[in-house]
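Let me begin by presenting the structure, written as structure tokens, before commenting on it.
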Amino acid sequence: VDEITGRRVVNMADDRIGTIDNVVTAQGSDTVYAVVSVGGFLGFFTTDVLIPMDQMEPADDDKMRVMTPMTSNEAKALPRYDRDQHTRYN
């Protein structure tokens with residue numbers, strides 16, 4: 001988990017999607033999600049969304065990035081992170 005926390009998430013066109021803040025599971029589910037801060041300006045007014053880990057992969061470079069096929073708008077439309085419904089993945 002600590003290995004990917006703080007990494008930038010970009011799409012296949014190298015557009016910035018957000019930053020991984022945490023890795024969680026939903027209560028009653030085996031699905032693992034990255035909590036990604038999207039939108040905002042200079043770190044303010046961001047929204048934390050859940051991107052399933054199986055929809056992301058490490059980039060093939062040394063820039064500490066994770067790739068996803070979705071656009072920024074698609075990411076912003078994903079379910080929101082709710083601390084009461086998700087548990088930190090270890």
Is it possible for you to say whether [X] and [Y] belong to one hydrophobic cluster, with membership spreading through side-chain heavy-atom contacts below 4.5 Å?
{"X": "Tyr89", "Y": "Met53", "value": "yes"}
{"X": "Val36", "Y": "Val10", "value": "no"}
{"X": "Val49", "Y": "Val66", "value": "yes"}
{"X": "Val24", "Y": "Ile4", "value": "no"}
{"X": "Met56", "Y": "Val35", "value": "no"}

| request: Just jot down the salt bridge (charged side-chain N to carboxylate O under 4.0 Å, His left out) partners of Arg88, sequence neighbours excluded, or say none. | output: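 Per chain and number, Arg88 pairs via salt bridge (charged side-chain N to carboxylate O under 4.0 Å, His left out) with Asp2.
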If the condition is side chain to side chain donor-acceptor pair (under 3.5 Å), which residues does [X] pass it with, not counting sequence neighbours?
{"X": "Ser29", "value": "Thr31"}
{"X": "Asp14", "value": "Arg65"}
{"X": "Thr68", "value": "none"}

Can you list everything that forms a side-chain contact (heavy atoms from CB on, under 4.5 Å) with [X]? Sequence neighbours excluded, please.
{"X": "Asp15", "result": "Asn11, Ala13"}
{"X": "Thr5", "result": "Val1"}
{"X": "Glu57", "result": "Met67"}

| query | Is there a side-chain contact between Asp30 and Thr25, using heavy atoms and a 4.5 Å cut-off? | reply |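 The answer is no, as the side chains (C-beta and beyond) never meet within the 4.5 Å cut-off.
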What's the separation between atom [atom1] in [X] and atom [atom2] in [Y], rounded to the nearest 0.5 Å?
{"X": "Glu74", "Y": "Ile51", "atom1": "CD", "atom2": "CD1", "result": "10.5 Å"}
{"X": "Met64", "Y": "Ile20", "atom1": "CE", "atom2": "CD1", "result": "10.0 Å"}
{"X": "Gln27", "Y": "Gln85", "atom1": "CD", "atom2": "CD", "result": "7.0 Å"}

| Considering all heavy atoms, the nearest Ser37-Asp48 contact |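 Minimum heavy-atom separation between Ser37 and Asp48: OG-OD1, 2.8 Å.
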| Closest contact, heavy atoms only, Val32 versus Val23 |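 Result for this residue pair: CG1-CG1, 3.4 Å.
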Side chains of residues 75-82: which donor-acceptor pairs under 3.5 Å do they make with residues two or more places apart or in other chains?
from: Arg80; atom 1: NH1; to: Lys76; atom 2: O; distance (Å): 2.8
from: Arg80; atom 1: NH1; to: Leu78; atom 2: O; distance (Å): 3.1
from: Asp82; atom 1: OD1; to: Asp84; atom 2: N; distance (Å): 2.9

